[in-house]
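Taking it in order: structure first as structure tokens, then the write-up.
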Amino acid sequence: MQEALHEQLFAHDEAGHQSDGQTAPEPERRRLYLRRGAKIAIGLVIIAVFGWLPLRAIWEHSSVEAVLNSRLVTLRTPIGGRVAAAQRFSDQAKLEAGTVVLRVVNSRSDRTRLDDLRRQKARLENERPSLAAKLASAKAAQRDLARQATQFREGRVLQLEARIAEIQTSIEAAAARRDEASAAVERASSLAKSGNVSTVELARLTRELSVSQQTELGARKRLDAAKVELAAAQNGSFLGDSYNDRPSSVQREEEMRQRAGDLEADLARTDTEIAWLANEIIVEEVRFADLSEANITTPVAGPVWEMMTSPGEDVQAGQPLLKVLDCSGAVITANVTENVYNRLQLGDRATFEPNDGGEPISGSVVNLTGAAGAPANLAINPDALSKEPYRVTVASRDAAARACTVGRTGRVVFARHETTP
């Protein structure tokens, strides 16, 4: 009864559906097939993608995590003092090498030695005019005494020349008297034989001849002595019974010459000490400037990574002030599985593939720290990569690495190589 009732109720609807199905257009059927084919293709692509990624991870030697990193340069203060800002710059500004970032001023630096050197130099400079005046006075007195000594020598030479001329005249007179006495003795001798001249007269004439001869001889000796005195006077020495070999003017001139020489030596020593003190003052000023003020400059080009102080703060010598990224020392830190780590060697080629789809960065393995602590002079501590304990450092010199995009994440793919058994 139910079946009969069902046939009667839906007999008209089934007949209508059959007639509609038979008259359905062919484009609708084709569109249905295309839709089903597209769904099947999309499913196959999804299956291929999600199946290929794990498979590629199995076949490739790649890292679990990787981040673009860079070396840090820590700038420390060489002196103690107060920090002052040298210039204003933004946090993201890239500083050039040699840029003055901070200044440390020490207003309590020791300048005792500098002041002592300046006082010594001032004292010598004040004494120098007095020494120069004394030297000039001594040289003037020396010249005056030398003039007096020259006049005395010239007068003494003239005096001795006149004396020599006088003695020569006396010698000529004595020679004439000698010749006269000799002739008288000869006449008296011939007359004494004939008895015209007495013996007493002959003896007197003979005595006069002897006296004239001795007088001439004494005059010649005085001439020789005068010539000796003249030669000595012409050479600067003076001979006599009433004075020394040099007159007082000459002796005073020698003393004044010695005094002038001593003053010249003192003046030269003073000039030398002044010059030495001037050089020492320059050196001490440079040292005092280094101890009283220091400019903190960046040795490399890169942005400021961490400012560890602020203007107005008192710091001690050796205290770190700021850290600067060394863009020329960009590296890539990654952690890998134990299996991949055991297959790596220093110098292996590697490629960093950023997750943001940027240009890959090529490099080579420079450090295999394993589970040990990684170097601490990096912007991002490798210990932050905690999924795997084995850490690798890759160095790169590509332009993209030197752009200082520290913090970009990605993965590192290492070149495969066969290991010898």
Side-chain angles (χ1 to χ4, degrees), residues 130-269:
S130 176
L131 288 175
K134 291 180 181 179
L135 177 60
S137 177
K139 286 185 176 181
Q142 177 191 354
R143 288 192 297 269
D144 185 63
L145 292 172
R147 181 179 55 81
Q148 294 179 10
T150 301
Q151 291 177 354
F152 177 81
R153 183 176 61 81
E154 292 176 353
R156 181 62 176 169
V157 169
L158 293 175
Q159 181 184 11
L160 290 174
E161 288 177 350
R163 182 182 298 177
I164 288 173
E166 179 186 1
I167 293 173
Q168 287 177 349
T169 304
S170 299
I171 291 173
E172 292 176 357
R177 287 193 297 270
R178 176 182 55 80
D179 294 339
E180 182 182 359
S182 177
V185 169
E186 289 179 358
R187 288 193 303 270
S189 297
S190 62
L191 292 175
K193 292 179 181 180
S194 61
N196 293 326
V197 176
S198 64
T199 305
V200 176
E201 183 67 17
L202 179 61
R204 185 184 65 79
L205 292 174
T206 303
R207 186 174 60 253
E208 289 180 359
L209 176 61
S210 177
V211 170
S212 62
Q213 289 177 349
Q214 293 300 322
T215 300
E216 182 184 1
L217 181 61
R220 291 187 180 278
K221 294 299 183 181
R222 288 196 306 272
L223 178 61
D224 294 338
K227 288 182 178 180
V228 172
E229 290 184 14
L230 177 60
Q234 290 175 346
N235 293 329
S237 298
F238 302 92
L239 303 177
D241 297 333
S242 60
Y243 48 83
N244 296 325
D245 60 341
R246 290 173 179 260
S248 60
S249 59
V250 176
Q251 293 178 4
R252 290 179 61 192
E253 190 269 337
E254 289 292 336
E255 293 176 358
M256 196 58 63
R257 181 183 293 112
Q258 292 178 1
R259 177 174 174 77
D262 294 340
L263 290 174
E264 282 184 350
D266 292 341
L267 187 61
R269 178 180 56 81

Inset, instruction - Working to the nearest 0.5 Å, report the span between CG of Leu131 and CG of Asp262. - result: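 Spacing of CG (Leu131) from CG (Asp262) equals 11.5 Å.
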Legend entry - Rounded distance (nearest 0.5 Å) linking atom OG of Ser130 with atom CG of Leu135: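 The CG atom of Leu135 is 11.0 Å from OG of Ser130, to the nearest 0.5 Å.
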Inset, instruction - Indicate the atoms forming the closest heavy-atom contact of Ala132 with Leu267, along with that distance. - result: N-CD1, 4.3 Å
Inset, instruction - May I ask you to say whether Glu208 pairs ionically with Arg204, meaning some side-chain N is under 4.0 Å from a carboxylate O? - result: yes
Please list, one pair per line, the donor and acceptor atoms closer than 3.5 Å that link side chains of residues 175-186 to other protein atoms, with sequence neighbours excluded.
from: Arg178; atom 1: NE; to: Glu216; atom 2: OE1; distance (Å): 2.3

Donor-acceptor contacts under 3.5 Å from residues 164-171 side chains, at least two apart:
from: Thr169; atom 1: OG1; to: Ala165; atom 2: O; distance (Å): 3.0
from: Ser170; atom 1: OG; to: Glu166; atom 2: O; distance (Å): 3.2

Inset, instruction - Take Arg252 and Glu255 through the test salt bridge (Lys or Arg N to Asp or Glu O under 4.0 Å) and record every step on the way to the result. - result: CA-CA 5 Å; Arg252 290 179 61 192; Glu255 293 176 358; over 6 Å; no
Legend entry - Ala133 backbone acceptor or donor facing Ser137 side chain under 3.5 Å: no
Inset, instruction - Please check if the side chain of Ser210 supplies one atom and the backbone of Arg207 the other of a donor-acceptor pair under 3.5 Å. - result: no
Inset, instruction - Answer yes or no: does atom CZ of Arg259 have more than 12 heavy-atom neighbours from other residues, nucleotides or ligands under 6.0 Å? - result: no
Inset, instruction - Sequence neighbours left out, what passes side chain to side chain contact (heavy atoms under 4.5 Å, CB included) with Leu217? Give chain and number order. - result: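 In terms of side chain to side chain contact (heavy atoms under 4.5 Å, CB included), with neighbours along the sequence ignored, Leu217 is linked to Gln214, Lys221.
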Taking only residues two or more places apart in sequence or in another chain, which ones pass side-chain hydrogen bond (donor to acceptor under 3.5 Å, both in side chains) with [X]?
X	value
Asp144	Arg147, Gln148
Arg269	Glu273
Lys139	Glu264

